[in-house]
Engineer: 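Submitted below is the structure of interest, expressed as structure tokens.
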Amino acid sequence: MDNWVIALIKVVFIWTWTLLIATLMTWVERRGSAMMQDRLGPNRAGPFGLFQPLADGIKLFTKEDIIPEKAHKILFSLGPILFALPAFSAYAVIPFGDKLIVNGKEIILQVADVNVGFLYVVALGAMAVYGIVLGGWGSNNKYSILGGLRSTAQLISYEVPFGLSLLAVVLVYGTFSLREISLVQQGTFLGFLPNWGIFKQPLGFILFIVTAYAEANRVPFDLPEAESEIVAGYHTEYGSMRLGLYLFGEYVNMYTLAALMVTLYFGAWHLPYIDMSKFLGPVSYGIASFLVFFLKTAFFLWLFVWVRWTVPRFRYDQVMGLGWKALIPLALVNLFITALCIQLTV
Amino acid sequence: MGLKEKVQDLLGNDILDIVEYRGDLTIEVPKSKNVKILKALKEAEGLQFDFLVDIVGVDNSALYEKKKAKKKKPKGDEEAEEKEPVEEGPPPPRFEVIYLLLALSTNERLRVKIRVSEDDLEVDSITGLWRGANWPEREVYDMFGIRFKGHPNLKRLLMWEGFPAHPLRKDYPLEGQGEQRDFDDCRFF
Amino acid sequence: MANNNNAPITGDYVTINIGPSHPAMHGTLRVVCKTDGETIVEAIPEIGYLHRGVEKLGENLTYHQFIPITDRLNYCSAIANNVAYEKAVEKLLGIEIPDKAKLIRVIMKELARIADHQVCVGILGVDLGAFTPFFYLIIQREEIYDIFEWYNGARLTNTFGRIGGVNADLPEIFHTKWPKLKDTIRKANDETDKLLTHNRIWMDRTIGVNPFSPEDALEYGFTGPCLRATGVKRDLRKDEPYYFYDKFDFEVPVGKHGDVFDRYYVRLMEMEQSIRIIDQAYAMYKELPPDAPLMAKVPKIIKPPEGEIYSAIESPNGELGFFIKSDGTDKPYRIKIRPPCYMVYQAFPELVKGEMIADTIACLSSLNIIAGELDR
Amino acid sequence: MAKPVVKKEYTFLERIYLWEIVKGLKLTFKHFTFNFKESLKKGPHTVPTCWQYPEDRRPIAPVFRGAHMLCLDDEGRELCVGCGMCARACPAKCITVKRGKPAEGEEGKYAGKTMSAEFTIDMLRCIFCGFCEEACPKGAIQLGQEYELAEYTMDACIYDKERLLANFQKAKAEGKLKPPKKPVPVAGGDKKAGAKKVAKKPVATDGKKSKKAASKPQAEEKKASETKREET
């Protein structure tokens with residue numbers, strides 16, 4: 001089994017895994033929100049309504065694909081693609097487990113161990129904006145263009161604190177490659193704390209999680225598709241699978257950001273004080289690291305759902321105000337303090 | 001000193017008719033002086049009717065026919081009954097516009113009624129006194145056809161622009177005359 | 001921060017049509033806005049999409065047959081409309097209804113007020129993105145609708161009461177359910193309060209948004225929670241008491257600036273006061289003998305003498321008044337309904353000038369404009 | 001018209017968003033855990049506020065105003081005499097009654113001397129106010145607890161007499177019949193006659209103006225009510 005077959009298997013595995021998680025996320029969102037609101041949520045399609053995402057997928061596929069008559073055909077169809085593509089491909093650099101030794105061959109549980117993995121993810125995050133703007137402009141609808149404008153302003157102005165808070169992490173670990181960052185987070189820090197990023201970067205983590213919500217267009221930052229103000233924002237005119245791509249892209253985007261949070265701040269696949277590789281066999285250790293990583297990501301995915309059904313929505317100028325007047329200064333202060341600490345401790 | 005006396009000595013000769021019914025006081029004033037009287041009622045220190053509750057339009061045509069019909073029928077039956085002086089004078093004005101006023105400080109209510117005859121459906125608008133009179137006047141125009149001079153934008157309120165009739169008039173049938181709204185794209189700006 | 005910049009807005013404007021069928025429109029309201037980017041330069045509300053000619057219909061139905069029509073005015077609290085209409089006709093007839101009927105009317109009207117405020121506060125939350133409080137409040141509203149259903153058979157369009165009193169005694173379910181329901185309603189209100197009132201995002205979205213001064217509010221004819229939010233302490237139940245309201249002790253919550261937050265908070269406080277009123281009315285109700293009369297002596301065919309009256313009550317949205325002119329027959333000659341949100345919606349263009357689109361939606365749902373009552 | 005500018009002052013905890021958001025999260029999580037535990041119970045009705053509609057249905061009030069039914073008395077005879085009072089009392093004018101004499105053979109089938117040859121209710125126009133039930137002197141028409149009124153065609157929504165009788169049989173079979181209505185106590189003490197009907201009967205017979213929808217047989221009914229109204 002030479003390398004390109006392993007790489008192919010990894011790619012196929014990650015692709016299906018992300019699709020599976022994204023579909024499962026729609027179910028978790030609907031059941032979770034129902035439980036929080038004294039409801040029950042979908043429970044007719046399959047046990048506990050587990051086939052509901054399948055049903056939604058089939059519904060979206062079979063719906064008639066309408067392109068509005070005055071819409072700009074190319075931009076209209078390009079929008080969803082440009083939105084979903086970066087969301088899927090951003091997962092290539094995220095290490096979802098340690099390594100797997102199969103009959104003597106060591107397989108690193110990461111699709112591509114690019115040493116500038118960091119920049120790749122941040123760059124792709126910015127690509128998603130094109131999908132929204134083209135979709136909004138292409139569908140020739142006043143509400144859509146409003147949604148598109150709002151999302152550009154929001155995503156671009158939150159790209160700055162997003163990048164700055166990541167820079168602080170790079171300062172701490174000194175490397176751009178996500179794999180090395182997750183390897184370093186083993187052992188203890190300051191004696192009793194696990195050696196995770198959040199204890200080195202508490203303020204950085206808060207900034208990161210707030211900007212991550214803005215990147216993923218999740219409440220309280222879901223201005224681009226605020227149902228009550230501008231009908232459905234950029235995807236007002238979209239119908240069947242095009243709308244599906246938009247909604248799907250949003251969930252995959254959420255999954256990527258949650259995985260990034262776990263990798264950078266919560267010790268990717270390390271349990272706090274136990275070093276799993278000592279007492280687990282080579283194959284079982286790989287799988288165990290994958291499971292630990294997945295459980296942590298699942299918590300952050302649940303946090304997305306949890307916050308969505310608790311908090312009201314910002315207004316457009318408040319989002320801008322918060323972004324420029326609060327988050328960016330805080331990110332700079334955080335960067336400065338981190339640099340100071342490194343200078344003193346080294 | 002009751003509300004009735006206070007109103008009487010404030011307006012005196014302008015009042016054509018005062019009706020006290022079930023505790024509500026209604027005064028009737030000439031149409032031409034409605035703005036002047038309402039302003040006086042609003043500013044008078046003792047009364048201060050500073051809250052306009054509503055403006056009501058009434059079409060009395062059916063009421064007069066019924067009265068006429070009643071007058072003819074009994075006249076026909078009991079000839080012996082002493083003959084009432086049937087004055088055939090000009091038919092009483094068809095429409096009425098009633099202003100419902102409320103004094104916030106003393107919680108007293110008053111109704112000021114003006115009669116509008118069919119040939120000149122012009123009444124002075126009181127949006128000058130209360131900006132809250134804008135829509136009620138538009139609705140009375142929409143439903144009865146009584147125009148309000150000096151109204152900022154006297155257009156139909158509940159019906160669409162091209163509606164041919166005034167629905168709340170008594171001669172308008174209950175089922176309507178089958179007007180269909182021809183969906184012209186009504187420009188607003 | 002003063003949210004409307006007074007700089008002259010130039011450049012050509014986009015006309016956005018927050019149309020009759022829009023997710024944030026309560027019923028069929030239409031607002032045509034001339035916007036410069038996100039800020040509204042000019043807004044023209046267009047009403048009449050739900051105009052059913054109720055007043056023309058009233059002239060062709062008998063006094064008794066008009067009662068179900070009044071359900072369809074403010075369909076969030078149908079009982080308040082019924083009570084308003086019946087009180088007007090009873091004033092026209094000059095009859096006094098028995099005490100027990102008055103108490104049942106007070107209890108049911110205050111229950112309807114709680115239901116109406118729950119809908120308004122819940123939907124204000126949904127319009128600003130907070131979906132969860134809506135469900136906590138609506139679940140309590142379902143409990144209240146159960147009481148209406150067991151009372152005379154309909155949950156929403158309950159043709160409550162007859163001219164001259166009420167046609168049924170309080171249902172058995174009320175006696176068993178009310179003590180529990182009282183606490184769950186309070187719990188739901190507390191949860192909404194905890195989720196929203198001190199949340200900075202909510203406070204930014206509502207405090208200082210569309211403030212309105214008391215003088216303008218009075219000049220426009222505001223009544224009800226929207227007027228009380230501006231600081232004017234005006235409540236028909238206190239100023240022109242009817243049906244034992246002078247015997248109940250309850251406060252009238254009053255806001256300060258008349259902005260979206262005050263209207264929201266006044267409604268939340270009023271629900272608490274309504275519960276207190278119901279308790280006191282229920283206590284008085286229990287003192288009356290079980291077979292106390294429910295109906296006054298009213299002839300089979302109601303033919304009020306000729307004359308015209310105006311009578312108003314404090315409905316959840318404000319002063320709901322009925323002007324009835326009768327010509328001696330069994331059909332009213334002219335019925336004019338004075339809906340409270342009609343005058344409030346007049347001031348909408350002035351409220352939203354210079355605000356953002358998101359604020360117009362927040363403002364509209366805080367004014368609680370009900371299309372059925374607005375267009376009649 | 002200067003808008004009053006509102007000064008906002010927040011406490012420190014309100015100024016930073018997170019503290020209030022965490023409190024909110026705590027509350028929604030409380031609901032989540034409660035409902036999650038409830039949803040694991042057996043049986044269709046798990047979460048207290050949710051009714052799984054087709055399987056378990058909400059209990060309906062005995063006085064619920066649902067689909068109409070023409071009642072039979074204990075011996076199975078039709079109570080309706082076709083007097084048309086309900087048609088006149090209906091605000092939506094959706095009931096049309098045609099009176100007729102019972103054929104020779106089936107005198108036993110009808111309680112009164114006359115019967116309703118044709119009785120249709122247009123369910124599309126009906127507003128379920130229950131005035132017909134109040135107006136009926138014989139207590140023949142009642143609103144049952146049936147609320148599933150969906151039909152496939154418009155004319156299936158016009159309930160004819162057989163459908164209304166079938167409704168009664170169905171309700172009787174399920175034991176969902178209404179308890180007899182207690183008379184409403186009227187101020188001034190004397191209880192009006194007729195235990196079944198409400199003291200105040202909103203009969204709106206308007207002798208003078210001929211009603212548009214009145215069919216021919218109702219004309220003589222007007223004469224009957226004319227005479228009746230003279231003596232009251």
Side-chain angles (χ1 to χ4, degrees), chain B residues 19 21-24 26 50-60 62-63 66-67 70 96 98 100 102 104-111 113 129-136 138-140 142-143 153 155-161 163 167-170 172-176 186-189, chain C residues 13 15 17 32-34 41-42 44-51 53 55-57 59-60 91-94 216-223 232 234 236 238-240 305-312 319 321 323 325 327-329 333-334 336-339 342-343 345-347 350 374-376:
Chain B
V19 171
Y21 181 71
R22 297 275 194 257
D24 291 359
T26 318
D50 49 7
F51 192 89
L52 172 71
V53 177
D54 204 354
I55 300 176
V56 183
V58 183
D59 169 6
N60 284 331
L63 209 60
K66 209 169 289 177
K67 283 212 171 68
K70 220 187 298 171
E96 269 174 25
I98 304 168
L100 302 163
L102 163 69
L104 274 174
S105 46
T106 56
N107 286 325
E108 275 156 359
R109 289 180 188 263
L110 174 72
R111 282 204 296 273
K113 181 188 291 186
L129 297 171
W130 289 282
R131 274 175 291 159
N134 190 321
W135 276 12
R138 275 178 65 183
E139 188 182 342
V140 169
D142 185 356
M143 290 297 156
N153 75 31
K155 289 212 299 281
R156 285 189 175 270
L157 185 70
L158 294 174
M159 288 297 168
W160 63 89
E161 266 317 297
F163 192 76
L168 263 182
R169 288 187 174 183
K170 284 295 177 182
Y172 187 84
L174 175 61
E175 295 75 24
C186 39
R187 286 271 146 248
F188 275 85
F189 297 107
Chain C
Y13 306 121
T15 312
N17 194 345
V32 186
C33 312
K34 190 196 286 190
V41 169
E42 194 190 340
I44 297 186
E46 194 207 339
I47 64 171
Y49 284 85
L50 199 56
H51 176 58
E55 286 159 6
K56 185 79 179 181
L57 205 57
E59 287 160 14
N60 292 277
K91 182 175 180 183
L92 193 59
L93 288 168
D216 297 333
L218 284 173
E219 198 187 338
Y220 266 107
F222 273 41
T223 55
V232 175
R234 167 113 186 108
L236 277 186
K238 283 274 190 205
D239 300 340
E240 292 169 21
E306 233 175 279
E308 56 192 45
I309 55 102
Y310 173 81
S311 131
E319 177 184 321
F323 170 86
K325 172 172 185 149
D327 57 355
T329 67
Y333 184 75
R334 167 78 165 112
K336 172 76 169 69
I337 298 152
R338 192 264 182 202
Y342 179 85
M343 296 294 190
Y345 200 40
Q346 271 190 82
E350 232 174 278
L374 183 70
D375 306 340
R376 289 180 303 281

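Every chain is numbered from 1, with letters handed out A, B, ... down the list of sequences. Here the structure is a predicted model, which is why all the values come from computation and not from measurement.
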Engineer: Using non-hydrogen atoms only, which part of B:Arg138 is less than 4.5 Å away from chain C: side chain, backbone, both, or neither?
Structural biologist: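 Contact with chain C is absent: no heavy atom of B:Arg138 under 4.5 Å.
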Engineer: Heavy-atom distance under 4.5 Å to chain B: side chain of C:Glu306, backbone, both or neither?
Structural biologist: both
Engineer: Let me know if C:Tyr342 has heavy atoms under 4.5 Å from chain B in its side chain, its backbone, both or neither.
Structural biologist: both
Engineer: Side chain, backbone, both or neither: which part of C:Lys91 has a heavy atom under 4.5 Å from chain B?
Structural biologist: both
Engineer: Check each atom of B:Asp142 against the heavy atoms of chain C and say whether the ones under 4.5 Å are side chain, backbone, both or neither.
Structural biologist: neither
Engineer: Going from CE on B:Met159 to CG on C:Asp375, what distance comes out if it is rounded to the nearest 0.5 angstrom?
Structural biologist: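 That separation rounds to 10.5 Å.
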Engineer: Which answer fits B:Glu108, side chain, backbone, both or neither, if we ask what part of it has an atom under 4.5 Å from a heavy atom of chain C?
Structural biologist: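 No part of it gets close to chain C.
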Engineer: Distance only, no hydrogens: is a donor on one side chain within 3.5 Å (strictly under) of an acceptor on the other, for C:Glu350 and C:Tyr220?
Structural biologist: yes
Engineer: Please classify the contact of C:Leu57 with chain B as side chain, backbone, both or neither, using a heavy-atom distance under 4.5 Å.
Structural biologist: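 Both backbone and side chain.
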Engineer: Any idea which of C:Gly328, C:Gly53, C:Gly307, C:Ala347 has the most non-hydrogen atom pairs under 4.5 angstrom with chain B?
Structural biologist: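 The candidate making the most pairs under 4.5 Å is C:Gly307.
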Engineer: Determine the option with the most heavy-atom pairs under 4.5 angstrom with chain C, choosing from B:Trp135, B:Tyr172, B:Tyr21.
Structural biologist: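 Going by pairs under 4.5 Å, I would pick B:Trp135.
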Engineer: Within the side chain of C:Glu219, is there an N or O that forms a donor-acceptor pair under 3.5 Å with the backbone of B:Arg131?
Structural biologist: yes
Engineer: Closest approach of B:Asn107 and C:Glu240, non-hydrogen atoms and distance?
Structural biologist: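 Answer, listing the atom of B:Asn107 first, then C:Glu240: O-OE2, 3.9 Å.
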Engineer: For C:Pro339, is it the side chain, the backbone, both or neither that has a heavy atom under 4.5 Å from a heavy atom of chain B?
Structural biologist: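 When you check distances to chain B, no heavy atom of C:Pro339 falls under 4.5 Å.
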Engineer: Checking heavy atoms, do the side chain of B:Leu129, its backbone, both or neither come under 4.5 Å from chain C?
Structural biologist: backbone
Engineer: Main chain of C:Tyr333, side chain of C:Asp327: is a donor-acceptor contact present, judged purely on distance under 3.5 Å?
Structural biologist: no
Engineer: Please classify the contact of C:Phe323 with chain B as side chain, backbone, both or neither, using a heavy-atom distance under 4.5 Å.
Structural biologist: side chain
Engineer: Salt bridge check, C:Asp239 against C:Arg234: does any charged N sit closer than 4.0 Å to a carboxylate O?
Structural biologist: yes
Engineer: Please look at B:Val53 and chain C and tell me whether the side chain, the backbone, both or neither of the residue comes under 4.5 angstrom of a heavy atom of that chain.
Structural biologist: both
Engineer: Can you tell which part of B:Asp24 gets under 4.5 Å to a heavy atom of chain C, answering side chain, backbone, both or neither?
Structural biologist: side chain
Engineer: Where does C:Arg334 contact chain B at under 4.5 Å (heavy atoms): side chain, backbone, both or neither?
Structural biologist: side chain
Engineer: Considering only heavy atoms, which portion of B:Ala133 lies under 4.5 Å from any heavy atom of chain C: side chain, backbone, both, or neither?
Structural biologist: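 The answer is the backbone of B:Ala133.
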Engineer: Compute both the distance and the angle, then confirm whether C:Lys336 meets the cation-pi test with C:Tyr310: under 6.0 Å from the six-membered ring centre, within 45 degrees of the axis.
Structural biologist: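 C:Lys336 over C:Tyr310 ring: no.
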Engineer: Are any side-chain N or O atoms of B:Trp130 and backbone N or O atoms of B:Asp50, one a donor and one an acceptor, separated by less than 3.5 Å?
Structural biologist: yes
Engineer: Measure distances from B:Leu63 to the heavy atoms of chain C and classify the residue's part below 4.5 Å as side chain, backbone, both or neither.
Structural biologist: both
Engineer: Contact part of B:Lys155 toward chain C, heavy-atom cut-off under 4.5 Å: side chain, backbone, both or neither?
Structural biologist: neither
Engineer: For C:Glu308, is there any backbone N or O sitting under 3.5 Å from a side-chain donor or acceptor partner on B:Arg111?
Structural biologist: yes
Engineer: Measure distances from C:Ala312 to the heavy atoms of chain B and classify the residue's part below 4.5 Å as side chain, backbone, both or neither.
Structural biologist: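 For C:Ala312, the contact with chain B is made by the side chain alone.
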Engineer: So which residue, C:Arg376, C:Lys56, C:Gln346, ends up with the most heavy-atom pairs under 4.5 Å with chain B?
Structural biologist: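 Most heavy-atom pairs within the cutoff with chain B belong to C:Gln346.
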